Amino acid sequence: MRLRFAPSPTGALHIGGLRTALYNFLLAKKHQGVFILRIEDTDQLRYVPGAEEYIIESLQWFGLAPDEGPGFGGGYGPYLQSERRDIYQQYARQLIEKGEAYYAFDTPEELEIERQQNPAFRYDASIRRRMKNSLSLPAAEVQDRIASGAPFVIRLKVRPNEQAVIQDLIRGEVTFDTNELDDKVLIKADGLPTYHLANIVDDYLMEITHVIRGEEWLSSTAHHVLLYRAFGWEDRMPQFAHLPLILKPAPESFLHKENTPPLARRLAEEFQKKHPEEAEGYLEKAEQFTLQVLQDKANIAANLKEKDRDDRQKAQLKAFLRDSLFGKLSKRDGDRLGFPVFPLSWQGNGDQDSFIGFREYGFLPEAAINFLALLGWSPGTDQEIFSMEELAQAFSIEKIGKSGARFDIDKARWFNQQYIMKADTGYLMDRVRPFISAHGHHPDDAFLRQFVELMRERAATLAEFWENGYYFFEPPGTYDDKNARKRWDAARSGQFAQLLQSLAHQEDFSAGALKALVEGFIQDSGLKFGDVLPLLRIGLAGTMQGPAVFEMMELLGKAETIGRLGKAFRLFDEWVSQG
RNA sequence: GGCCCGUUCGUCUAGGGGUUAGGACGCAGGAUUUUCAUUCCUGAAACACGGGUUCGAUUCCCGUACGGGCUGCCA
């Protein structure tokens, strides 16, 4: 069994692509097969430097290292399509000789005009005789054109009145009528192949047995079947499995009172950027309308649907909003909604093309994999937590769902929290450390270990170790003054000064000893636990939330504890005296 | 517009001709906890609609609606 993941290096690999890679990987592992990475870089215009490295780094971070691929060895290379140019040329000529393909000289401009005149324009058997190609032109002219170096493409000659049948492992039998299919370009004017040719030739040459890819390929699979037929390779055709797409989250799931206005603003700005001519001086109105639509959560789709014949701007805006709010998950979504849709952060040209990744957001790779695996696939049991090995064991194509799955960041965070709670402490320390050092703190192992133990049940992401526990490294920046004021007065001030005294005399600063000490204080002073602990907590951490107070004191140490409490009590005194 | 695919709680899903339609996230309530979190318990919450087929349909078939994909010398 040989499976491949074949991304094209046109930018950061997004989470849908990563899931495709995962499913290919899992099936390969389950059957002791081979997982291949092939880079489909046949579009020179869309090629993005660094994207290939990004893809490889992403796969490695997630533990999906290929068995064969660029830089990974393998006997079926090269694995970069740009280095296989001559191979595709050779196979394209073979098709021409067999009468299954032909040269075409129509320029992109000419085709554009055709499409404008007739939106349903299709380069197929019914019209190819009136176009400029080796089927319609005299042989001598065709020779001349090619000899003179005139640009040309090679097109597949699709025969009318046939059927292209796909036996899809997920969708069952899907049939296409060749009368609906156009004569796809196989070789572009620049001499490089299109996806369709390169894909078929490579899958054949690399002896791929199963093609697991996104549903966006289902339609073109008809052409791929035709290509296998044209080459006479039908018996070697791989099995296809077309995955449902990952969709944007449901709007009502991420729309809250606080984030709706900024989102409306953002969308309006994006609209303006995208349609400068339409949106000229329209920003305010666009924002207003967008906000209005977003606030009526239940009817967003309906409100965007009505047609506005006489209001062109509004119609455009609606179309834009529809695209932005529904459909498949896209690059921009992460930015708009504040969660990652890429494995790793990506630095493109400027903010517009830079995105935060799962890794930098603070996900553990195992958690992200687990989440992704279950987005569109189900083991058929109630088990939710799976190691990679368990996934490979349990995985099967039959259990992949048929409908698109919406991305759910809350569920992803829950998985991450589960993994953080059960992770090996040393492993977790290594993963947390960068998130602490990013803020200029470099704790020793003993300190970090205790910190991680105290915070691991209180952090859903690695970043939250810092966000929710920064006060272990530096004094609190703000204090929950509302709660402090409620519990502080002149009498309390005196009592706590005494407590500070005994703390200063305390030798043993372990949590247990501190607990005993404070309990003694509570007894002597006649106060209750609830009168004392919250104040200590706020004094130490600034907030009412966090690990047990005595554990906190132990980790902070005597000097820091006393220093912070002294400072906080003076602050409380000020507040109370000011009223 | 044309072609293709899909539709079970808000979300991810299990199930499948006769079930109290199961689980998970999230949400609400409760217990434990000095707080928060964890853990545990409880609750609200779904078979898109209309026709068939059938003794019986959420499950099979057909339509409609809705959603999605494709419709490039992009992948």
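FYI, side chains are in, hydrogens and waters are out, and symmetry mates aren't considered; it's all heavy atoms of this structure. Keep in mind that this is a model prediction, so the values were computed, not measured. Each chain gets a letter, A, B and so on, in the order the sequences are listed, and its residues count up from 1.
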Which of Glu52(A), Glu83(A), Gln81(A) passes side-chain contact (heavy atoms from CB on, under 4.5 Å) with Ile39(A)? Answer is Glu52(A)

With a 4.0 Å cut-off on heavy atoms, is Phe415(A) in touch with a base, just the backbone sugar-phosphate, or nothing at all?
nothing

From CD of Gln418(A) across to C1' of A24(B) the rounded distance in Å is 10 Å

Here the distance between atom P of G69(B) and atom CD1 of Ile166(A), to the nearest Å, is 18 Å

Winner on side-chain proximity to Val185(A), out of C73(B), A75(B), G6(B), is C73(B)

Aromatic ring pairing Phe572(A)/Trp488(A), orientation class (parallel under 30°, perpendicular over 60°, tilted between): perpendicular

Please measure how far the P atom in U42(B) lies from the corresponding atom in G6(B), and state the result in whole Å.
38 Å

- Item | Base C74(B) to side chain Arg46(A), donor-acceptor N/O within 3.5 Å cut-off | yes

**Prompt:** Does the ring centre of Trp346(A) sit less than 6.0 Å away from the ring centre of Tyr54(A)?
**Reply:** yes

task = Remember a base hit wins even if backbone is also touched, and classify Val532(A) as base, sugar-phosphate or nothing at under 4.0 Å, heavy atoms.
result = nothing

Among C12(B), U39(B), A14(B), the one nearest any side-chain atom of Lys411(A) is C12(B)

Per atom distances to the Arg458(A) side chain, the nearest of C36(B), C74(B), U7(B) is C36(B)

Out of C70(B), U38(B), C73(B), minimum distance to the side chain of Thr194(A) belongs to C73(B)

Using a heavy-atom cut-off of under 4.0 Å over every strand shown, decide if Gly327(A) touches base, sugar-phosphate, or nothing.
sugar-phosphate

Rounded to whole Å, CG of Leu247(A) lies from C1' of U7(B) at a distance of 12 Å

### Euclidean distance for C1', G43(B) against U34(B) (whole angstrom)
29 Å

Please give the distance between the C1' atoms of C55(B) and G50(B) as a whole number of Å.
22 Å

Ranking Trp217(A) and Phe121(A) by the position along RNA chain B of their nearest nucleotide, the one closer to 5' is Phe121(A)

Have a look at Lys422(A) and say if it touches a base, only the backbone sugar-phosphate, or nothing, with a 4.0 Å heavy-atom cut-off.
nothing

When rounded to whole Å, the CD to P distance for the pair Gln545(A) and U34(B) reads 17 Å

The Watson-Crick or G-U wobble partner of U7(B), with both key distances under 3.5 Å, is A65(B)

Thr42(A) has its side chain closest, among G6(B), A75(B), C25(B), to A75(B)

Among U35(B), C4(B), A14(B), the one nearest any side-chain atom of Met544(A) is U35(B)

query: Any luck finding a side-chain donor-acceptor pair between Asn416(A) and Tyr361(A) under 3.5 Å?
result: no

Against the side chain of Asp408(A), the closest entry in A75(B), U11(B), G26(B) is U11(B)

Arg537(A) has its side chain closest, among C70(B), U34(B), C73(B), to U34(B)

Item to complete: Under 4.0 Å between any heavy atoms, over every strand shown, what does Arg456(A) touch: base, sugar-phosphate, or nothing? Just pick one.
Response: nothing

Among G6(B), U38(B), G23(B), the one nearest any side-chain atom of Met421(A) is U38(B)

* To do: Describe the nucleic acid contact of Pro119(A) in one word from base, sugar-phosphate, nothing, applying a heavy-atom distance below 4.0 Å.
  => nothing

Query - Whether His196(A) and His223(A) hold their rings parallel, tilted or perpendicular, with breakpoints at 30° and 60° - result: tilted

Pairing partner of C36(B), by Watson-Crick or G-U wobble and under 3.5 Å for both distances, is none

To the nearest angstrom, the NZ-C1' distance between Lys528(A) and U35(B) comes to 17 Å

query: So does Lys411(A) pair up with Asp408(A), basic N to acidic O under 4.0 Å?
result: no

Of C70(B), U11(B), A75(B), the nucleotide closest to the side chain of Tyr195(A) is A75(B)

### Query
Any salt bridge between Glu110(A) and Lys132(A), counting N to O under 4.0 Å?
yes

